Amino acid sequence: GAVVSQHPSWVICKSGTSVKIECRSLDFQATTMFWYRQFPKQSLMLMATSNEGSKATYEQGVEKDKFLINHASLTLSTLTVTSAHPEDSSFYICSANGRLGVWVSTDTQYFGPGTRLTVL
Amino acid sequence: RKEVEQDPGPFNVPEGATVAFNCTYSNSASQSFFWYRQDCRKEPKLLMSVYSSGNEDGRFTAQLNRASQYISLLIRDSKLSDSATYLCVVNSGDYKLSFGAGTTVTVRA
């Protein structure tokens, strides 16, 4: 249980295009979803936190107009990288926490498999 | 100063060896601590939570020292499959996780 999926798993696009990444909780209701970015040999950096039905909270230094986050339902959040540039190439990972009975705690984040974005 | 700091390694050990490494965290108000494992080009996966009294999960032992603000992970009887990057993760109480950059462990035959 507590499975999170991401789509697509990898994407290559031209500079200037927009890319949408989906994050889904498959068997639980994700009250909160988190979007991270990881550059090679670096730690995961939190970009934003989103709660269902409300605006995302962005971390300092993350441009909200460039990284659009929508959390329209308890099982789906999307991240859109607008006008992507080569420096946006990275590994984007979402995670989710929530409750399903008592075995999924709000303290534990379950991660999606990640999306590798390459901008040419 | 980074919120979570780890020795990047790599730690190269033979099969069957014991390997241990630490991480330090800067926020004394941190409430929850975890070790995650990340394989190359994959997402992090929860290895174990770290409790104040220390805890074991099979060959893995985690310790927390709140006074010195460090967490340790010890792996006994290393297996080839233990080769991975181990991420020290700290929750500062607002459900946000702070990740260390990871410690790379390579177990050789």
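Treat the numbers as computed from the prediction; the structure is a model and nothing was measured. Quick note on labels: first sequence line is chain A, next is B, and so on, each numbered from 1.
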Toward chain B, the part of A/F111 with a non-hydrogen atom under 4.5 Å: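 Its backbone and side chain both get close to chain B.
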At a 4.5 Å cut-off on heavy atoms, which part of A/Q6 comes close to chain B: side chain, backbone, both, or neither?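 It is neither, since no heavy atom gets under 4.5 Å.
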For atom CZ of A/F39, decide whether the heavy atoms of other residues, nucleotides or ligands shown that lie under 6.0 angstrom number more than 12.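 Yes - once you tally the heavy atoms of other residues, nucleotides and ligands closer than 6.0 Å, there are more than 12.
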Tell me if the CE atom of B/M48 is crowded by more than 12 foreign heavy atoms within 6.0 Å.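 Yes, because the 6.0 Å sphere around CE of B/M48 holds more than 12 heavy atoms from other groups.
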Same cluster (ILVMFWY, side-chain, under 4.5 Å), [X] and [Y]:
X: B/F60; Y: B/F11; result: yes
X: A/L76; Y: A/W35; result: no
X: B/L80; Y: B/V19; result: yes
X: B/Y70; Y: B/F34; result: no
X: A/L79; Y: A/V62; result: yes

How close do [X] and [Y] get, heavy atom to heavy atom, and via which atoms?
X: B/R41; Y: A/F91; result: O-CZ, 4.0 Å
X: A/S43; Y: B/G100; result: CB-O, 3.1 Å
X: B/L97; Y: A/Y36; result: CB-OH, 3.8 Å

Run the side chain to side chain contact (heavy atoms under 4.5 Å, CB included) test on B/L87 and A/L44 for me, step by step, so that the C-alpha distance in whole Å, both residues' side-chain angles and the decisive distance to 0.1 Å come before the verdict. CA-CA 9 Å; B/L87 306 177; A/L44 274 73; 4.2 Å; yes
Contact leader toward chain A among B/K2, B/K45, B/K96, where contacts are heavy-atom pairs under 4.5 Å: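 Top count of heavy-atom pairs under 4.5 Å with chain A: B/K96.
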With a 4.5 angstrom heavy-atom cut-off, could you sort out which part of B/Q31 is near chain A: side chain, backbone, both or neither? neither
Value rounded to 0.5 Å, distance of SG in A/C94 from CD in B/E43: 9.5 Å
For a 4.5 angstrom cut-off between non-hydrogen side-chain atoms, does A/L46 reach B/S98?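 Sidechains of B/S98 and A/L46: no contact.
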Tell me yes or no: between the side chains of A/Q38 and B/Q38, is some donor less than 3.5 Å from an acceptor? yes
Chi angles and distances behind the side chain to side chain contact (heavy atoms under 4.5 Å, CB included) call for B/N91, A/Q109: CA-CA 10 Å; B/N91 182 332; A/Q109 290 184 24; 5.8 Å; no
